[in-house]
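Reading through the structure tokens given below for one structure.
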Protein chains: 2
Amino acid sequence: MVGASLKDVAMRAGVSVRTVSNVVNDFPQVAPETRRRVQQALEELQYRPNAAARLLRAGRSGLVGLVIPEIDSPYFGELASLLVQAAQQYGWTLLVDQTNGDPDRERLLLDGPPGQIVDGLVMSPWAVSPAELRRRADAVPLVLLGEQDAAGLIDHVSVDSVAAAAEATGHLIGLGRRRIAAIGVQPHLANGTAQQRITGYRQALRAAGIPHDPALEMPVTALHRADGARAMRELLEGGHAPDAVFCFSDQLALGALRAALDHGLAVPDDLAVCGFDDIEDGRYGTPSLTTVAPDKAGIAERALSCLADRLKRPPTGAGRRRDPEVPSGDAPPPARRIVAAHRLVVRESTVGRPG
Amino acid sequence: MVGASLKDVAMRAGVSVRTVSNVVNDFPQVAPETRRRVQQALEELQYRPNAAARLLRAGRSGLVGLVIPEIDSPYFGELASLLVQAAQQYGWTLLVDQTNGDPDRERLLLDGPPGQIVDGLVMSPWAVSPAELRRRADAVPLVLLGEQDAAGLIDHVSVDSVAAAAEATGHLIGLGRRRIAAIGVQPHLANGTAQQRITGYRQALRAAGIPHDPALEMPVTALHRADGARAMRELLEGGHAPDAVFCFSDQLALGALRAALDHGLAVPDDLAVCGFDDIEDGRYGTPSLTTVAPDKAGIAERALSCLADRLKRPPTGAGRRRDPEVPSGDAPPPARRIVAAHRLVVRESTVGRPG
DNA sequence: CTGAAAGCGCTAACAG
DNA sequence: CTGTTAGCGCTTTCAG
């Protein structure tokens, strides 16, 4: 006893499957009396439309996927949660998967079951290049998250990292700091996040006439607390002690903060610390963390609305026909680059306790 | 140009779909030469098996679902990440969804697209009762996470929360504390987590001959930092100042910690704080947090191995026939209750800085 | 307004 | 070893 099919319901109600289908899908052209009978049969048999069959035939599952490098990681966690909720507004169910930044897994999720079953995908790529993603975007409507330079190839939403990093650095400069370190350089990653943030950082220094010291730009392998702590320790032990540090993520900042405290430094008096992401831990730690807050809700909302626009076009399913000779009438709309808002949130780690 | 089907490949290779299917599924009985030809056609046409069709026909998608109340929330985030990785060992792709503890959404995910498309489900229910879940477990193999009393109805893995809470409380008592508060009572929730932890807490107090003071047992509406901070403030302002507090989650503890610090208390001297979950924030905060560490990797591994056992039984797909008259030979194995390990991790929030 | 029937892409009897 | 074919459950065209 696994589930009743349309046929079962049709037999019970004494109608054809067509009519049952019409009722299930709320099509108007059904006589009230017929509809009633069908609905009763539906109820009695506990009918649930088979998602696989629907998908095969209609090419729509009502599912959208979110593919991110790490689910644990407060930033992506918060974003995922917001996307799940935003998706409900569109009548979609959002499913999340994790790549760990592994290129093979990024490809697998795109090509395999999740990518095929889903009506559209929101993805934050770390390893696969925009050009390669572009090819898959023919198969699944795709919206990218993050700063990688998709160069107009794919729909894409992110904050202006260059400007945000410049603001954060400017805030530190405004506090009178001069030896400002940057933690979070990641030359090996395909996504341009770190690249853009270091650019903004340097811009702000230059604008203030502060010479740029490469020894203060710390690379990391990942954006976690441990990496931030390690970088801070190196800075402190290397004799390059800064009087402020701008970290490319809150997790890095939290790690750096802990390392500085362990080192006997007072924050913010000896060292001002600024992060990026505005995760919850930063708000409740001691001292609380000054940070760049991307408009996460806005990012979620705009990513999905962007996806919704793509999905207005014909579904990829059933009646589809792949005929290279006959180009599909109207060209797809050009890729969009959406810039989400951000703001600098000043807290204790740069200005101390109020009162 | 959406994708080549088996038929397309068959035509190109000059064989039947059967043979192509055999090659794709790595069946041995294919002549080497034929196999080669087919493989080439596969390659040229960039063939990807259609997941929907496969699922419809074979009743297997290779996907498993994880349904949790909140994706943001470090504990579930870490668990989700571990489950994603463990699933790869089994050749499954794990998809995560969030319910916010909403009963309707819990049901929806079980009945609708995600629940139907997936081969099995790992779920941490908050609102739907075990009895109701039991009914759905006929449709999807289901493994529960957390403490709710499934009473032998459904496979189920969790730590021994009573014992763990007693250990944590015992640690506080061993430190010489006597006015030990508990933060995290949740009488309204269907999952028995809070209930079990308060039970362990009281057990430990009783064992130490410490009278139990209801004014020290603080209810919360959610397990977040803000709730922990609020409860702590009430405790402090209500004149019931404790000398120690056991919080039912690390997030609560982190919130309580911040509130205590804001209040001018020294931790652990004036107030010792212990949490539950061992999330990363607790390890890197100042002071670092003493906590009960559930063996998350073990939970993930055992949940999936449990699911794997269920999946050895016939798939729910295609050839299935629902005939109430003919009971399916062998009864399903009885529900299992798996207890995962935990240990108390002592850090600064109860014993101060070492050295 | 409703029925009959084709077929989405795949797997797996059932032949040969 | 390989070909033919019957569906899985659904949507949808085409007729009434």
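- Rounded to whole angstrom, the span from the CZ atom of R60(B) across to the P atom of dT11(C) amounts to 13 Å.
- Comparing dG9(C), dT11(C), dC10(D) by their nearest atom to the side chain of S5(A) picks out dC10(D).
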- Could you give me the CA-CA distance, side-chain angles and deciding distance for S81(A) and Q98(B), then say whether side chain to side chain donor-acceptor pair (under 3.5 Å) is met? CA-CA 7 Å; S81(A) 178; Q98(B) 170 176 273; 3.1 Å; yes
Show each protein N/O and nucleotides 2-6 of chain D N/O combination with a separation under 3.5 Å, one pair to a line.
from   : atom 1 : to     : atom 2 : distance (Å)
dT2(D) : OP1    : T34(B) : OG1    : 2.3
dT2(D) : OP2    : A31(B) : N      : 2.8
dG3(D) : OP2    : S16(B) : N      : 2.8
dG3(D) : OP2    : S16(B) : OG     : 3.0
dG3(D) : OP2    : T19(B) : OG1    : 2.6
dG3(D) : O6     : R18(B) : NH1    : 3.0

- From CA spacing to verdict: side-chain contact (heavy atoms from CB on, under 4.5 Å), I117(A), L63(B): CA-CA 10 Å; I117(A) 279 180; L63(B) 300 173; 3.8 Å; yes
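- Taking atom CG of residue L45(A) and atom C1' of nucleotide dG9(D), one finds them 14 Å apart after rounding to whole Å.
- Distances were taken from every side-chain heavy atom of Y47(A) (C-beta onward) to each of dC10(D), dG9(C), dT11(C); the shortest belongs to dC10(D).
- With respect to D138(A), the salt bridge (charged side-chain N to carboxylate O under 4.0 Å, His left out) criterion is satisfied by exactly one of R136(A), R135(A), R134(A): R134(A).
- As a whole-Å value, the separation of M11(A) CE from dT2(C) C1' is 18 Å.
- Counting all heavy atoms, side chain and backbone alike, G101(A) lies closest to E106(A) at CA-OE2, 4.3 Å.
- If you run side chain to side chain contact (heavy atoms under 4.5 Å, CB included) between C306(A) and each of D155(A), L142(A), L311(A), only D155(A) comes through.
- Here dT11(D) presents its C1' atom at 9 Å from CZ of R54(A), a figure rounded to the nearest Å.
- Taking Y90(A) as the reference, W92(A) meet the ring-ring contact (aromatic ring centres under 6.0 Å, His included) condition, with sequence neighbours excluded.
- Of all heavy-atom pairs between L307(B) and G120(B), the closest is CD2-C, 4.1 Å.
- The distance between atom NZ of K7(B) and atom P of dA6(C), rounded to the nearest whole Å, is 14 Å.
- For dC10(D), the OP1/OP2 oxygens have no side-chain nitrogen or oxygen of S21(A) closer than 4.0 Å.
- The distance from atom CD of E33(A) to atom C1' of dC1(C) is 14 Å, rounded to the nearest whole Å.
- Comparing the axis of the opening five pairs of the helix from dC1(C)-dG16(D) to dG16(C)-dC1(D) with that of the closing five pairs yields an angle of 40°, rounded to 10°.
- Dense packing is recorded around CD of E33(A), with more than 12 heavy atoms of other residues, nucleotides or ligands lying under 6.0 Å away.
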- List the steps, then state whether side chain to side chain donor-acceptor pair (under 3.5 Å) holds for R54(A) with N25(A). CA-CA 11 Å; R54(A) 247 190 192 175; N25(A) 293 302; 3.0 Å; yes
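- One can place CG of L6(A) at 15 Å from C1' of dA4(C), the figure rounded to the nearest angstrom.
- I117(B) has its CD1 atom 15 Å from the C1' atom of dC8(D), to the nearest Å.
- Where A52(B) and F27(B) meet DNA chain C, the nucleotide closest to each residue was compared, and A52(B) sits on the side nearer the 5' end.
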